[in-house]
Chemist: 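Could you have a look at this structure, given as C-alpha cells, before my questions?
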Amino acid sequence: MSDCKNTKDTTPIPTREGQGGGSLASKYSPAEVEGKWYQYWLDNKLFSSKPDGREPYTIVIPPPNVTGVLHMGHVLNETIQDILVRHARMEGKNACWVPGTDHASIATEAKVVNRLAEQGIKKSDLTREEFLKHAWAWTEEHGGIILKQLRKLGCSCDWDRTGFTMDEIRSESVIKVFVDLYRKGLIYRGVRMVNWDPKALTALSDEEVVYKEEHTKLYYMKYYLADNVPSDFVAGEGNIVHKDEKGYYAVVATTRPETIMGDVAMCINPKDPKNQWLKGKKVIVPVVGRVIPVIEDEYVDIEFGTGCLKVTPAHDVNDYMLGEKYNLEAIDIFNDDATLSDRIAIAQQKSLAEVSVSDDFVIGLEKYVGMERFACRKQIAEDMTAAGLMEKIENYDNKIGCSERTGVPIEPKLSMQWFLKMEHLADIALSPVMNDDIQFYPAKYKNTYRHWLENIKDWCISRQLWWGHRIPAWYIEQPLSTSPRGGEGFPWGKVIVAENEEEAYKLALETYPILKTLPPAGGAGEGLGFALRQDEDALDTWFSSWLWPISLFDGIRNPGNEEIKYYYPTADLVTGPDIIFFWVARMIMAGYEYEGKMPFKHVYFTGIVRDKLGRKMSKSLGNSPDPLELIEKFGADGVRMGMMLSAPAGNDILFDESLCEQGRNFNNKIWNAFRLVKGWEVTDGGQPEAARIATQWFSAKLRLAAEELADDFSKYRLSEALMTVYKLFWDEFSSWYLEMVKPAYVDGKPQPVDRATYDATLQFFEVLLKMMHPFMPFITEELWQALYERKAGESIMQAELHLPAATDADRQLCADFETIKEIVTAVRSVRSQKNIAPKEKLTLEIVKKEDNDYASIITLQSSISKMANLSDMNIVTEKSKGSASFLVGTTEYAVPLGSLIDLDAERKKLETELQHLEGFLTSVEKKLSNERFVQNAPAAVVEMERKKQADAQQKIASIRETLASL
RNA sequence: GUCGGCAUAGCUCAGCUGGUUAGAGUAUCACCUUGACAUGGUGGGGGUCCUUGGUUCGAGUCCAAGUGUCGACACCA
C-alpha cells in the first residue's frame with residue numbers, strides 16, 4: 001500500500017480474486033476493462049429481449065446511414081438512448097433497443113457513382129441490375145461499420161434484431177404499404193412542379209431543399225413593345241415609360257436571365273399605376289425574339305423591381321401557377337443535368353417564323369445549347385449588354401434553394417412523379433402531439449410540428465434513383481416481339497400497382513378483361529398477350545424510415561403478431577429536431593394509419609453538437625473530434641459523461657474535450673474510492689460512534705438521492721441526473737462519508753475497520769454503482785463484479801435498485817448533517833486563515849444561550865470532531881478569550897486560539913458580517929412594517945419573515961457582544 | 001417578412017404555481033505532495049438576473065415595448 005503512489009502499473013484489477021486493494025493501480029485504465037465487459041454482455045446475451053410478462057420498454061434506433069461512420073452527433077444521441085435503456089432495464093422492465101441502418105438512397109447512390117467513376121465506369125453504361133450489384137457490394141463492404149463502433153461506446157442494443165431498411169422484411173413492408181396507400185387513393189401519379197436536383201438527377205421532396213443565402217445579381221432587361229406605337233402616343237399620368245432609339249420597352253428584373261428562353265408572357269399588376277400603359281400590349285422577349293402577351297395578375301408585387309414579371313412556367317413554381325391560370329405554354333429549356341436543351345433553338349425558330357421581329361432584339365440561341373446554366377447566365381448577360389438589351393445590373397442578396405444532399409441549386413422542374421396525399425395523414429398526426437398523448441421534450445417543438453402539419457403539401461415520394469425500393473407499379477404495354485396490336489379500347493400505358501409482377505398480371509387481367517381477348521404473344525415469357533414494364537423510379541428513403549417502429553417488429557407484413565403487440569408502441573424516441581418533419585412526423589402518421597396507435601410515447605430532441613466556440617462541427621473546419629480517438633483517450637465512460645454533462649434536452653451542446661477529461665477524472669475518483677474500501681482490513685471490533693452516525697446519515701442520503709434521481713429521469717433531465725450522482729459520489733460519499741468512517745493511522749499503520757461499517761460501506765458502494773451504471777456502464781460493471789462474489793453470467797445491468805422511500809426522519813437527519821458540514825467547514829476555514837495544520841487538534845466551544853438550536857447537533861458531535869479534527873467539544877456559557885468565533889444558524893461557536901488570535905482581523909471579519917446582517921434585517925423589517933404586506937401575504941410567509949427577523953436580531957446581538965469583548 | 005425559443009458568475013447551465021440579499025459544474029485565486037485519488041485535498045473570491053416601463057405588499061420569475069441572439073417557416077421574380 002505504501003508504494004501505491006509511485007506505481008505506474010495500470011493493470012486493471014482481477015475481477016474475482018484480488019480482494020486486496022493494495023494490488024490496484026492508482027489510476028483507472030478503461031481500455032481492457034471496456035472490451036472485456038462488452039464481450040461478457042454479448043456472451044451472456046444480456047442485451048437480448050423476448051416478449052414476456054414484464055412491462056416492455058422499447059427504443060428503436062434512428063437508423064444511421066448504412067455506410068456512415070460514427071461522429072459526435074451519434075455519440076450524443078446513442079449515449080442518451082443507452083442511458084434510458086439501461087435505466088429501464090434496471091427498473092425491471094423488459095428493455096429492448098433495436099439497432100439498424102438506413103439505405104440512404106441518394107447519399108449511398110452518390111457514393112457508389114463516385115466510386116464507379118474512379119474506376120472509369122459511368123452509371124449510364126450499366127444496367128440497373130449491374131449497378132445494384134455494385135451498390136450491394138459497397139454496402140456489404142462499408143455497411144455496419146457504424147454498428148461496430150456503437151459497441152465501443154457501450155450501447156446495449158439487441159444485436160440479433162438488427163434491421164436494415166432494405167432487407168427483406170423492411171422491403172416487403174414498404175411495398176405493401178405503397179400498394180395499400182395507392183388502393184386507398186392516397187398515392188397518385190402526375191406531372192407537377194417538383195424540386196429537381198440536377199446533380200443527383202432526381203426529384204426531391206420539399207423537405208430536402210435547404211435555402212442558402214447568396215450574393216447574386218439582379219438583371220434589368222429590356223422587353224421592347226411588339227405593337228406599333230402611334231407617334232402621338234401619350235402615356236397616362238403616373239406611368240413610367242421607357243424609350244430609346246429602338247423604340248418603347250418595358251423593363252423586367254430577374255435573377256435568372258437565362259430563363260428568358262422559356263418566357264411565355266409578361267405579367268403586371270392591374271393596379272400598378274406606372275405600368276398602365278402596358279395593358280393589352282405585346283412585348284418581344286429579348287435575345288429570343290418571341291412575341292408574348294402582357295397579362296395582368298394581382299400576384300405581381302408592385303414594389304419589386306419595375307413591377308414587370310417575366311413568366312416562365314417551366315422553371316418557377318409561381319410562374320407555373322400563373323401558367324395554369326392563364327393557360328400558358330410551358331417551355332422546358334433545360335436538360336436533366338441543367339444544361340441548356342436544344343429545344344431552345346427550335347423554339348426560337350418557331351417563334352420567329354410567326355411574327356417578324358427585328359434582328360436588333362435577337363441573338364441566335366444555338367450557341368447556348370449544351371451550356372451549363374450558370375455559364376449560360378453569365379454569357380447571356382454579357383451578350384445582352386453588348387446588344388444594348390440590358391438596362392442595368394444590380395447586386396442582390398438572395399436565398400437559393402439547394403439540394404440537401406448534393407448542395408447544388410435546385411431547379412424547379414415539371415415532371416411526372418408519384419405523390420402521397422398528406423391531408424388525411426396530417427389530420428391523424430396533429431392532435432396526439434398537441435394534446436400530449438405523445439410528449440415532446442422540450443415541448444417547444446410542438447409549435448414547429450403544428451406549423452408544418454397545418455401547411456403541409458403532398459409528398460413527392462418517387463426518386464430517379466436505382467438504390468432504393470423500386471416502385472411497385474407496372475405499365476401495360478404491347479409485347480415487343482409481336483407486331484403492334486393497336487385497337488381501340490386496349491389499356492396501353494395504363495398503370496397497375498401490385499406487390500409483385502405476378503400479382504400485377506392478375507390484376508391487369510381483372511381490371512381490363514379486354515386483355516384476355518389478345519392472342520398469346522410469341523416471345524419468351526410473354527405467354528400473355530401483353531407485357532408489363534415496371535416503373536423505373538425508386539422510393540424516397542423516408543418512405544421506408546417512416547415505417548421503422550412498425551417494420552422492425554414485422555407489424556406490416558404480419559399485423560398483430562406477438563412482437564408488435566408486445567413492443568409497440570415504443571417508449572422513447574431520441575433524435576435531432578432537424579428530422580422532425582422528415583421522420584418524426586411521418587412515423588406518427590404511419591403509426592396511426594397502420595397500428596392505430598402512436599409509434600412512441602415520448603420524443604427526446606437532442607441539440608446539435610458544436611465545438612466550444614459554438615461552431616457546427618464539420619470536416620472542413622477540422623473541429624470534429626473522432627469519437628473513437630476520444631474513447632481511447634478518456635474511456636467510453638469518460639466520453640459518455642463528457643457528452644452528457646452539458647446536454648440538456650433540446651439545447652445545443654458546446655463540446656469540449658475537457659468535459660471528457662472531467663468524465664475520466666470522475667472514473668478515477670470512483671476507482672480510487674474502491675481502492676480505499678477494498679484495501680481495508682476488517683475486524684470484529686465495535687463500531688466507532690462517528691462511523692455509526694455516518695452510516696445512518698448516508699443511508700438516508702441515498703434514499704433522498706434516489707428520489708431526486710427518479711424525478712430527473714421522469715422529466716428526461718439526464719444531465720441533471722448525472723450531476724446528481726456525480727455530486728452524490730464525489731462530495732457526499734467520498735468527501736464526507738468515507739472521510740468520516742475512514743480508520744485512523746497509528747504509528748504510520750492503517751487501523752482495521754469494523755465489520756458493521758465495512759459491510760455498510762460495501763452496500764452503499766453497490767447502490768452508488770447501480771445509480772451510475774446507466775451513465776458509465778463499464779467501470780460500474782467492473783467494480784460491481786469485484787465488490788462481492790458474483791455468479792457466472794450475472795451483471796449489474798440487471799441489478800435492480802430497490803431503496804425504501806425516504807422518511808421524515810431521513811430528511812431531518814440530512815438537514816442536521818448540513819449543519820454539521822457548515823460547522824466543520826467553518827473550523828477548517830479558521831485553520832486556513834490561521835495557517836494551522838490539519839493535523840493539529842483544536843477545541844471547539846458551543847456557546848450556550850437561551851433558545852439555542854444546537855440540541856440535535858450535540859448528538860452528532862463525534863462526526864464533527866472527526867471531520868474538523870477536534871480534541872474536545874465543550875458547551876460553554878462564555879467563550880474563551882482569544883478565540884475565533886462564527887455563527888451557524890443562531891448558535892455561536894468558538895475555536896480558542898490563544899496567542900494565534902489576530903484581533904484586528906477578527907474584528908474586521910465580524911464587522912463585515914455585522915454589516916451584512918444589518919442590511920438583511922433592514923430589508924426584513926421594511927417588509928414587516930409594510931401593513932399591506934402583513935395583510936396580504938400568506939400567513940406562512942409573514943411568519944417566515946418574523947423568524948428571519950428574530951434570527952437576525954439574535955445573530956446581531958451575538959456579534960456585537962463578541963466585538964465588545966475583543 | 002411571419003411565428004417561436006432564449007438572454008442569470010469568465011464559460012456551460014439550474015432556478016417549479018411570484019415569497020431567504022440568487023445556485024451548480026467548470027474555470028480562477030490561495031494554501032497543502034497526508035497514508036484511496038495532484039485525474040487529488042482544503043479554503044476563498046466572483047452576479048446591475050439584457051434594457052425600460054407596468055402589475056403586485058413583494059418580480060430573476062408575470063405583462064408590454066425595445067435590444068441582442070438562435071431556430072422554424074414563407075418568400076419579391
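Since this is a predicted model, take the numbers as computed values, not measurements. Convention: sequence-line order gives letters A, B, ...; per-chain numbering from 1.
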Chemist: Give me the distance, rounded to whole Å, that separates B/rU8 from B/rU69 when you measure between the P atoms they each carry.
Modeler: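 It works out to 14 Å between them.
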Chemist: Under 4.0 Å between a side-chain N or O of A/Tyr28 and OP1 or OP2 of B/rA36?
Modeler: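 Result: no.
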Chemist: Can you tell which of B/rC57, B/rA36, B/rC75 lies closest to the side chain of A/Arg932?
Modeler: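 The closest nucleotide is B/rC57.
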Chemist: Taking OP1 and OP2 of B/rC3, is either one under 4.0 Å from a side-chain nitrogen or oxygen of A/Lys446?
Modeler: no
Chemist: Going by distance alone, is a donor N or O of one side chain under 3.5 Å from an acceptor N or O of the other, for A/Tyr320 and A/Thr312?
Modeler: no
Chemist: In terms of relative ring orientation, are A/Trp730 and A/Tyr726 parallel, tilted or perpendicular, with 30° and 60° separating the classes?
Modeler: tilted
Chemist: Would you say A/Gln751 and A/Tyr745 are linked by a side-chain donor-acceptor pair, where the criterion is simply a distance under 3.5 Å?
Modeler: no
Chemist: Kindly point out which of B/rC31, B/rG5, B/rA77 is positioned nearest to the side chain of A/Lys444?
Modeler: B/rG5
Chemist: Strictly by modelled atom types, are A/Asn672 and A/Arg675 linked by a side-chain donor-acceptor pair under 3.5 Å?
Modeler: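 Looking only at side-chain atoms, A/Arg675 and A/Asn672 do form a donor-acceptor pair, the distance falling under 3.5 Å.
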Chemist: Give a yes/no on whether any side-chain N or O of A/Trp730 is located under 4.0 angstrom from OP1 or OP2 of B/rG41.
Modeler: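 Checking B/rG41 against A/Trp730, a side-chain N or O does come within under 4.0 Å of OP1 or OP2.
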Chemist: Give me the distance, rounded to whole Å, that separates B/rG35 from B/rG45 when you measure between the C1' atoms they each carry.
Modeler: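 It comes out at 32 Å once rounded to the nearest Å.
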Chemist: Should A/Asn318 be listed as having a side-chain N or O under 4.0 Å from OP1 or OP2 of B/rC75?
Modeler: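 It does not, given that no N or O in the side chain of A/Asn318 lies less than 4.0 Å from OP1 or OP2 of B/rC75.
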Chemist: Under 4.0 Å between a side-chain N/O of A/Tyr211 and OP1 or OP2 of B/rC73, yes or no?
Modeler: no
Chemist: Closest to the A/Lys27 side chain: B/rG19, B/rA36, B/rA38?
Modeler: B/rA38
Chemist: For B/rG54 versus B/rC16, give the span between their P atoms, rounded off to a whole number of Å.
Modeler: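 Per the computed distance, 25 Å lies between those P atoms.
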Chemist: With a cut-off of less than 4.0 Å, is there a side-chain N or O of A/Arg717 near OP1 or OP2 of B/rG15?
Modeler: yes
Chemist: Does A/Glu739 get its side chain close enough to the base of B/rA36, under 3.5 Å, for a donor-acceptor pair?
Modeler: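 Indeed, a donor on one side and an acceptor on the other fall under 3.5 Å apart.
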Chemist: How close or far is atom P of B/rG71 from atom CZ of A/Phe605, stated in whole angstroms?
Modeler: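 Going from CZ in A/Phe605 over to P in B/rG71 covers 17 Å.
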Chemist: Using the side-chain heavy atoms of A/Phe933, tell me which of these nucleotides is nearest: B/rC57, B/rC76, B/rA36.
Modeler: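 Among B/rC57, B/rC76, B/rA36, the one nearest the side chain of A/Phe933 is B/rC57.
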Chemist: Is the distance from OP1 or OP2 of B/rU39 to the nearest side-chain N or O of A/Asn668 less than 4.0 Å?
Modeler: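 Negative; the distance criterion is not met.
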Chemist: Look at the rings of A/Tyr445 and A/Phe605 and say which category their plane angle falls in: under 30° parallel, 30 to 60° tilted, over 60° perpendicular.
Modeler: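 Correct class here is tilted.
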Chemist: Quick one: is B/rA77 close enough that its OP1 or OP2 comes under 4.0 Å of any side-chain N or O from A/Asn398?
Modeler: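 Yes, within the criterion.
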Chemist: Looking only at side-chain N and O atoms, does A/Ser734 come under 4.0 Å of OP1 or OP2 in B/rA36?
Modeler: no
Chemist: Rounded to the nearest Å, what distance is computed from the CD1 atom of residue A/Ile836 to the C1' atom of nucleotide B/rU42?
Modeler: 14 Å
